[in-house]
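Below, read A as the first sequence line, B as the second, and so on, with proteins coming before strands; counting in each chain starts at 1. We use all heavy atoms of the structure for the numbers below, so side chains are in, but hydrogens, waters and symmetry mates are not.
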Protein chains: 2
Amino acid sequence: MTDNADGALNAPLNTLYPVLTALPAAASLRLQQHAQVVSVPAGAVVFDELQACQGFPFVLSGSLRVVKAAPNGRELPLYRVTPGETCIISSACLLGHAPYNARGIAETETRLLLLPNADFQALLGEAAFRDFIFQLFSERIADLMQLIEEVAFRKLDQRLAALLLGKGQRLHVTHQQLADELGSVREIVSRLLKGFAEQGLVALSREQVDILNPAGLRRVASN
Amino acid sequence: MTDNADGALNAPLNTLYPVLTALPAAASLRLQQHAQVVSVPAGAVVFDELQACQGFPFVLSGSLRVVKAAPNGRELPLYRVTPGETCIISSACLLGHAPYNARGIAETETRLLLLPNADFQALLGEAAFRDFIFQLFSERIADLMQLIEEVAFRKLDQRLAALLLGKGQRLHVTHQQLADELGSVREIVSRLLKGFAEQGLVALSREQVDILNPAGLRRVASN
DNA sequence: AGGCGTCTGTAACCTTGGTTACACAGCCTG
DNA sequence: CAGGCTGTGTAACCAAGGTTACAGACGCCT
């Protein structure tokens with residue numbers, strides 16, 4: 001399941017994370033020697049709440065879904081990490097020497113390059129890499145603020161309408177998947193979708209939602 | 001209301017933000033020349049949603065309350081910035097060249113040292129300062145994760161119980177202030193407090209809450 | 001065709017928390 | 001002392017969303 005990163009790795013890694021091409025030779029060598037490629041199957045929990053952060057993950061393929069887990073088993077998605085991005089929570093935990101406060105799940109079969117703590121800290125000594133992390137930090141912060149706004153102030157119909165928009169005219173998705181995305185339950189999503197359909201905003205069929213009236217949905221999303 | 005930072009400023013600033021003592025002379029000079037001291041009265045809005053971020057604030061005295069404002073006028077407190085701390089949202093907005101996505105309010109009469117954008121970016125060139133910001137970033141992230149957990153999953157009685165704990169045995173506070181802290185309304189807090197009182201967890205009087213049974217409150221907070 | 005698993009529809013009911021609308025108490029001040 | 005302000009108590013009502021419990025639909029596999 002795991003093996004040392006070798007030379008053959010560099011091409012895709014550097015393509016996905018261009019900032020790494022600017023590294024001095026010593027840092028680059030260290031990365032090659034200490035980073036490990038890990039393959040995890042879809043659905044695997046890569047890290048979890050209260051767990052110590054073992055290393056910094058670069059996503060080579062697939063994607064991570066980072067969620068906050070409720071005591072009752074429900075999950076609120078916080079953000080996703082796709083190839084070329086980084087996980088703000090991992091950075092924060094490594095920098096603050098704190099345990100994880102969220103759960104990371106492989107959405108599909110996913111290949112990660114895991115960089116041990118010490119080597120991550122060393123990499124931060126490189127200005128280019130540090131700026132790269134900083135940049136992603138600030139983007140994620142904005143996302144999290146948006147999320148706080150949504151869960152604290154928005155009603156579910158607004159959030160659902162917003163979720164449906166901007167993914168094309170026809171969505172192939174189950175009600176359960178939409179509910180998961182909102183941190184809600186299937187019945188409520190069905191109820192709301194039925195309401196949308198009655199208003200002529202969408203048309204429903206099995207595992208499919210057709211957007212009939214995007215403007216109307218936008219109105220619902222932001223009323 | 002504002003005046004240029006002069007030599008007399010350095011002592012308190014350096015005491016509050018020890019990282020600044022390590023700056024090279026050039027950076028230190030730049031700070032002195034470009035930073036402005038601003039005094040704002042209690043309740044003043046220092047920055048607000050969608051507003052461009054004008055500069056990076058160091059808090060010299062007083063404190064900032066950073067909140068997310070709901071369309072209906074209610075506010076959810078995100079965190080506070082006290083002297084010696086920094087505002088993660090300001091950093092994120094400056095780094096990401098994005099507008100503010102929250103509101104900052106002076107809790108009391110507050111003195112700020114405002115560092116213009118360009119000078120903040122320049123300061124980030126100093127490793128010590130960058131690490132300082134990074135460290136606070138990660139602490140705040142943990143706070144925000146905690147907040148998301150609370151608003152998404154915790155019931156109000158749990159949050160209220162948690163809020164009452166750890167502030168000593170006798171709190172001098174109005175129900176309205178507690179409600180504001182939770183992003184809720186006075187009536188609900190009164191109702192919940194009455195419940196707590198009936199269970200013998202607290203005793204109520206005007207502008208005062210006495211904690212009678214901390215263990216019981218902890219149980220409520222985490223059931 | 002028969003049977004199973006997944007997805008959807010839907011109704012009844014419940015809990016939480018917010019809204020509205022008062023009453024009253026304590027206190028300060030003219 | 002009167003009048004006003006702030007803080008508290010409380011009840012009736014309401015809306016949102018979650019829970020429980022089914023029924024039926026669709027597709028697939030044997």
Between [atom2] on [N] and [atom1] on [X], what's the gap in Å once rounded to a whole number?
X	N	atom1	atom2	value
A:Leu192	C:dG9	CG	C1'	14 Å
A:Lys194	C:dT10	NZ	C1'	7 Å
B:Leu182	C:dG18	CG	C1'	14 Å
A:Ile188	C:dG9	CD1	C1'	13 Å
A:Leu178	C:dT6	CG	C1'	16 Å

Could you tell me whether the side chains of A:Asp131 and A:Gln135 share a donor-acceptor contact shorter than 3.5 Å?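 Per modelled atom types, A:Asp131 and A:Gln135 side chains form no pair under 3.5 Å.
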Interface with DNA chain D, restricted to residues 151-171 of chain A and to heavy atoms under 4.0 Å: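 Only A:Lys155, A:Leu156 qualify.
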Polar side-chain atom of [X] near backbone of [Y] as donor-acceptor pair, under 3.5 Å:
X	Y	answer
B:Arg65	B:Ile105	no
B:Glu149	B:Arg154	no
A:Arg103	A:Ala69	no
A:Arg111	A:Ser61	no
B:Gln208	B:Ser205	no
A:Thr110	A:Thr108	yes

If the test is side chain to side chain contact (heavy atoms under 4.5 Å, CB included), which one of B:Val220, B:Val209, B:Leu212, B:Ile211 qualifies with B:Phe196?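 Passing option: B:Val220.
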Candidate list B:Ile188, B:Leu193, B:Asp180, test side chain to side chain contact (heavy atoms under 4.5 Å, CB included), partner B:His175, passing option: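 Among the candidates, only B:Leu193 passes.
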Taking 5' to 3' order, which nucleotide of DNA chain D is first and which is last to have an atom within less than 4.0 Å of a heavy atom in chain A?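 First and last nucleotides in contact are D:dA16 to D:dC26.
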Summary of ring pair (Phe, Tyr, Trp, His ring centres under 6.0 Å) pairs that have at least one residue in residues 55-106 of chain B, sequence neighbours excluded: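 Residue pairs passing ring pair (Phe, Tyr, Trp, His ring centres under 6.0 Å), neighbours aside: B:Tyr17-B:Phe58, B:Phe47-B:Tyr100, B:Phe56-B:Phe58, B:Phe56-B:Phe120.
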Taking all atoms of both residues into account, what is the closest heavy-atom pair of A:Ala92 and B:Ser138, and its distance?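 Smallest heavy-atom distance, with atoms named: O-CB, 3.3 Å.
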Can you name the side chain to side chain donor-acceptor pair (under 3.5 Å) partners of A:Asn101, sequence neighbours left out?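 By the side chain to side chain donor-acceptor pair (under 3.5 Å) rule, A:Asn101 matches no residue at all.
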Encode nucleotides 21-28 of chain C as B, S and - characters from 5' to 3', where the letter depends on protein heavy atoms closer than 4.0 Å: B to the base, S only to sugar-phosphate, - to neither. B-------
Kindly calculate the angle separating the two end axes of the helix from C:dA1-D:dT30 to C:dG30-D:dC1, each obtained from five base pairs, and round it to 10 degrees.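 So the angle between the two local helix axes works out to 10°.
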So does B:Ser184 get a side-chain nitrogen or oxygen closer than 4.0 Å to the phosphate oxygens (OP1/OP2) of C:dG18?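 For B:Ser184, the contact criterion (side-chain N or O under 4.0 Å from OP1 or OP2 of C:dG18) is met.
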Looking at A:Arg80 and A:Glu85, does any basic side-chain N land under 4.0 Å from a carboxylate oxygen?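 Salt bridge: no.
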